[in-house]
Amino acid sequence: MADNQMQYKISEEGLAELKEKLDYYLKVRRIEVSKRIAEARSYGDLSENSEYDAAKQEQAEVEAEIEEMQHRIEHAVVYVKEAHYDHVKEGCLVTLLDVEENTEETYSYVGTSEADPLKNCLSSASLVGQAINGRKIGDTVRVITKAGELEFKIVAIEGDKNARKRK
């Protein structure tokens with residue numbers, strides 16, 4: 001892979017989910033949209049047919065999603081979850097102490113393809129993710145965000161309890 005091409009760090013599970021979603025888009029969504037276009041076309045004059053315009057817009061969105069997923073799969077770099085981590089890297093669970101708030105939160109430290117703040121999946125490309133990458137338990141990092149400066153202490157780094165079973 002050329003150095004200038006984007007790489008997408010993703011877990012084995014995340015890649016499998018992405019492939020499953022792509023398969024769904026190729027086999028189901030594409031056909032659904034084609035049927036909507038055909039139905040809207042049957043209404044007659046396309047110049048004033050809002051159903052046709054909406055279906056064509058949906059088709060463009062579905063095709064863009066398919067292209068994006070195919071690109072991510074083609075440029076995926078799979079990281080394997082380990083049973084033990086001595087520093088923060090993709091695949092681990094990391095517990096951070098917000099020094100100012102004195103609260104702890106545990107995150108799955110993931111590649112950008114799997115980032116999901118609502119599921120506590122912290123992207124390695126995020127500001128906090130970049131700051132803690134490679135750090136060890138006890139390390140403190142400061143992150144400057146739009147909301148101001150945040151300070152976190154790494155209090156735990158855990159591995160995947162199922163990693164040994166997969167080896």
Side-chain angles (χ1 to χ4, degrees), residues 1 5-30 32-33 57-167:
M1 183 176 302
Q5 288 184 328
M6 181 68 167
Q7 295 181 348
Y8 299 96
K9 292 182 178 180
I10 191 167
S11 67
E12 294 169 346
E13 299 88 352
L15 184 59
E17 287 176 17
L18 184 59
K19 286 179 177 179
E20 188 176 306
K21 183 178 178 183
L22 175 61
D23 188 58
Y24 171 75
Y25 268 65
L26 291 171
K27 294 179 178 174
V28 177
R29 291 287 294 136
R30 208 180 235 173
E32 290 173 345
V33 173
Q57 177 62 35
E58 185 179 2
Q59 180 185 42
E61 291 168 4
V62 166
E63 292 303 319
E65 277 285 318
I66 288 171
E67 189 174 314
E68 175 66 19
M69 286 185 278
Q70 289 172 329
H71 180 78
R72 286 185 179 273
I73 290 168
E74 182 179 332
H75 298 288
V77 175
V78 177
Y79 58 85
V80 178
K81 293 181 181 179
E82 301 171 13
H84 175 74
Y85 293 86
D86 61 356
H87 64 277
V88 176
K89 70 179 196 177
E90 284 92 355
C92 75
L93 290 175
V94 59
T95 302
L96 301 176
L97 169 69
D98 181 323
V99 174
E100 184 177 326
E101 300 290 325
N102 197 32
T103 57
E104 288 184 8
E105 193 74 44
T106 301
Y107 300 92
S108 293
Y109 190 70
V110 299
T112 56
S113 297
E114 298 171 284
D116 186 346
L118 299 176
K119 295 180 180 177
N120 277 15
C121 293
L122 178 64
S123 168
S124 57
S126 68
L127 291 173
V128 175
Q130 290 176 25
I132 65 172
N133 189 42
R135 300 297 188 112
K136 297 182 179 213
I137 294 174
D139 287 353
T140 300
V141 297
R142 286 189 173 85
V143 181
I144 298 174
T145 69
K146 291 178 182 178
E149 186 176 53
L150 304 174
E151 186 176 4
F152 297 101
K153 181 175 182 177
I154 299 169
V155 296
I157 303 170
E158 300 173 55
D160 184 347
K161 293 169 183 53
N162 298 316
R164 285 193 182 108
K165 295 176 186 174
R166 288 195 294 258
K167 287 186 177 181

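In what follows, residues are counted from 1 in the order of the sequence shown.
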Which heavy atom in [X] sits nearest to a heavy atom in [Y], and how many Å separate them?
| X | Y | result |
| --- | --- | --- |
| Glu105 | Asn120 | OE2-ND2, 2.7 Å |
| Leu15 | Ala76 | CD1-CB, 4.0 Å |
| Lys89 | Glu82 | NZ-OE2, 2.8 Å |

* Is the number of heavy atoms from other residues, nucleotides or ligands under 6.0 Å of Glu149 CD greater than 12? -> yes

* Asked: CD of Glu100: more than 12 outside heavy atoms within 6.0 angstrom?
  -> no

Do [X] and [Y] have side chains that approach each other closer than 4.5 Å (heavy atoms only, starting at C-beta)?
| X | Y | result |
| --- | --- | --- |
| Ser11 | Tyr79 | yes |
| Leu127 | Leu150 | no |
| Ile154 | Lys136 | no |
| Tyr107 | Val128 | no |
| Thr103 | Leu97 | no |

* What orientation do Tyr8 and His71 show, parallel under 30°, tilted 30 to 60°, or perpendicular over 60°? -> perpendicular

* Asked: So does Glu63 pair up with Arg30, basic N to acidic O under 4.0 Å?
  -> yes

* **Basic-acidic side-chain contact under 4.0 Å: Lys21, Glu17** => no

* Asked: Quick one: which of Glu58, Glu65, Glu61 gives a side chain to side chain donor-acceptor pair (under 3.5 Å) with Arg29?
  -> Glu58

* For the pair Cys92 and Ile157, evaluate side chain to side chain contact (heavy atoms under 4.5 Å, CB included) and give the outcome as yes or no after the intermediate values. => CA-CA 7 Å; Cys92 75; Ile157 303 170; 4.0 Å; yes

* To do: Look only at the side chain of Ser108 and the backbone of Val110, and say whether a donor-acceptor pair between them is shorter than 3.5 Å.
  => no

* Asked: For Leu96, does its backbone N or O pair with a side-chain atom of Glu104 as donor and acceptor, under 3.5 Å?
  -> no

* **Test applied, side-chain contact (heavy atoms from CB on, under 4.5 Å); reference residue, Lys81; option that passes from Glu90, Glu13, Glu12** => Glu13

* To do: Go through the steps for Leu22 and Leu18 under the test side chain to side chain contact (heavy atoms under 4.5 Å, CB included), then give the verdict.
  => CA-CA 6 Å; Leu22 175 61; Leu18 184 59; 5.8 Å; no

